[in-house]
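Letters A, B, ... are given to chains in the order of the sequence lines, protein chains preceding strands, and every chain is numbered from 1.
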There are 2 protein chains.
Amino acid sequence: MPETVNDTEKQIFDAAIKVFQRKGMAGARMQEIADEAGINKSMLHYYFRSKEKLFRQIFLISLKKFIGSVVPLLNEQNTWEQKVPLIIEYYAKFLTENPDLPFFVLSEIRNNAEEFLSEVKIEDILINSVFMEQLKNDMGKEKIRRINPVQIFLSIISGIIFPFIAKPMVKHVAKLDDNSWNEFINERKDIVSGMVINYLKQF
Amino acid sequence: MPETVNDTEKQIFDAAIKVFQRKGMAGARMQEIADEAGINKSMLHYYFRSKEKLFRQIFLISLKKFIGSVVPLLNEQNTWEQKVPLIIEYYAKFLTENPDLPFFVLSEIRNNAEEFLSEVKIEDILINSVFMEQLKNDMGKEKIRRINPVQIFLSIISGIIFPFIAKPMVKHVAKLDDNSWNEFINERKDIVSGMVINYLKQF
DNA sequence: GTCTATATCGTGATAGAC
DNA sequence: GTCTATCACGATATAGAC
């Protein structure tokens, strides 16, 4: 029988994810986490010792989810050109389901320096991915524009993540309600995909 | 003789800009602002009444600076194609000089809803800009791809602002020091510019 | 206007009964 | 393991002397 995580502990953890991702370390309140979990405040300390320790767990899980979950896609058995729209599609879905996660991760990284980044070895995972190799390969054959592949990946995630980060402002400027927001994002997916692929192939 | 702002008041204000933009409303401490300004803590209350009131002033100035300062560029007497690299160049410089500003603005907007956005009428300023009109014009003439112009502007700022927002992570993944970061951004400016212009013209 | 001292309150954390 | 009560501290804010 697999080790089953204590029920209360899981409730606290889920509540903490919600509150920390929404408010950040500085803005989050232990009381709010307790309320969200439907339990007593002192339970938080019983299970996690301190706010700092609870935060670290939440942050590391969020960081891994944010970065690591796209990795399988990068290493699929298809061309880089097929991967681009799939990566974008994946992030659009991910961001819709976890609207506060990227902002939270980026925010806390800014505060607590790179300390955390070293724990998750993104740099190698990303740089050595099949996707990156494929790009370098086609660049070597002069089939696509020769350019730092990190710039390409960055262009992809910038184009799709930033609108979610700036969602309130984007909705306000473009005068979107919830329905037209979804349309806007659908349109966006094609645009980002088209921009990146066009740019690589037309040179 | 023009109204000269009190010296202490200005010192406090400048210090508050620095601390609030760096730490956000929740993370900022009145003591830290006082230290930064080199004055006593109670002076903050003497001049600005409360943390909340001080914050509002700092935020509104930051918001206007973030959004409004690009407007003149959008209304220049040149083509949209000439404007694109200029806008990017402008933001790159702006972000280098104000590294914490965009993150701060986007962060606080997320917390305090759109309440603030209505005070600054970005939507009309941007939508009615010459840049947007020029795009719509060329779309009408089938000279460029027909698409929501907001998506174009969003692509530009996503491509250049996001890397700064995610700077620690980007530096870590791409293994950049301060010098190579600058090179990376220079390369980036051309890429974003090229992607947007290519995409509009090749269809 | 500027300082020191202090009030007031919110929050993380602990003690101890059950 | 879970609760109530309480501590200890830090942060905003104010009072009052100069």
| Atom-pair distance (CZ on A:F55; P on C:dT11), nearest Å | 18 Å

| request: Using atom CG of A:D35 as one end and atom P of C:dT11 as the other, report the distance to the nearest whole Å. | output: 11 Å

| said: Heavy atoms only, 4.0 Å cut-off, all strands: where does B:S50 land among base, sugar-phosphate and nothing? | reply: sugar-phosphate

| query | Pick the nucleotide of DNA chain C nearest each of A:H45 and B:M43; which residue has the one closer to the 5' end? | reply | B:M43

| task | Determine the contact category for A:F48: base if any of its heavy atoms lies under 4.0 Å from a base atom, sugar-phosphate if only primed atoms, P, OP1 or OP2 are that close, otherwise nothing. | result | nothing

| field | From CA spacing to verdict: side-chain hydrogen bond (donor to acceptor under 3.5 Å, both in side chains), A:T79, A:Q134 | value | CA-CA 7 Å; A:T79 66; A:Q134 288 170 320; over 6 Å; no

| said: Does the plane of the ring in B:W181 sit parallel, tilted or perpendicular to the ring in B:F164? Use 30° and 60° as the thresholds. | reply: perpendicular

| request: Starting at atom CG of A:L54, determine the distance to atom P of C:dT11, rounded to an integer number of angstrom. | output: 16 Å

| So does A:D178 have more than 12 non-hydrogen atoms from other groups sitting under 6.0 Å from CG? | no

| said: With a 6.0 Å cut-off (strictly less than), is the heavy-atom count around NZ of B:K175, excluding the residue itself, greater than 12? | reply: yes

| task | Rounded to the nearest angstrom, tell me the gap between atom NZ in B:K41 and atom P in C:dT4. | result | 11 Å

| query | Counting heavy atoms not belonging to A:K136, are there more than 12 under 6.0 Å from its NZ? | reply | yes

| message | Distance alone, cut at 3.5 Å: any donor-acceptor contact between the side chains of A:K23 and B:N111? | response | no

| CG of A:L44 versus C1' of C:dT14: gap in Å, rounded? | 13 Å

| request: Whole angstrom is fine here: how far is it from NZ in A:K51 over to P in C:dA13? | output: 8 Å

| task | Let me know the distance between CG of A:N40 and C1' of C:dT11, rounded to the nearest Å. | result | 15 Å

| What are the bounds, 5' to 3', of the part of DNA chain D that sits under 4.0 Å from heavy atoms of chain A? | D:dG1 to D:dT4

| task | Using a heavy-atom cut-off of under 4.0 Å over every strand shown, decide if B:M30 touches base, sugar-phosphate, or nothing. | result | sugar-phosphate

| request: For B:S42 and for A:Q31, locate the closest nucleotide of DNA chain C by heavy-atom distance; then report the residue assigned to the nucleotide nearer the 5' terminus. | output: B:S42

| Heavy-atom closest pair, residues A:F94 and A:S69 | CE1-OG, 4.2 Å

| task | Check every strand shown and say whether B:A34 touches a base, only sugar-phosphate, or nothing at a heavy-atom separation below 4.0 Å. | result | nothing

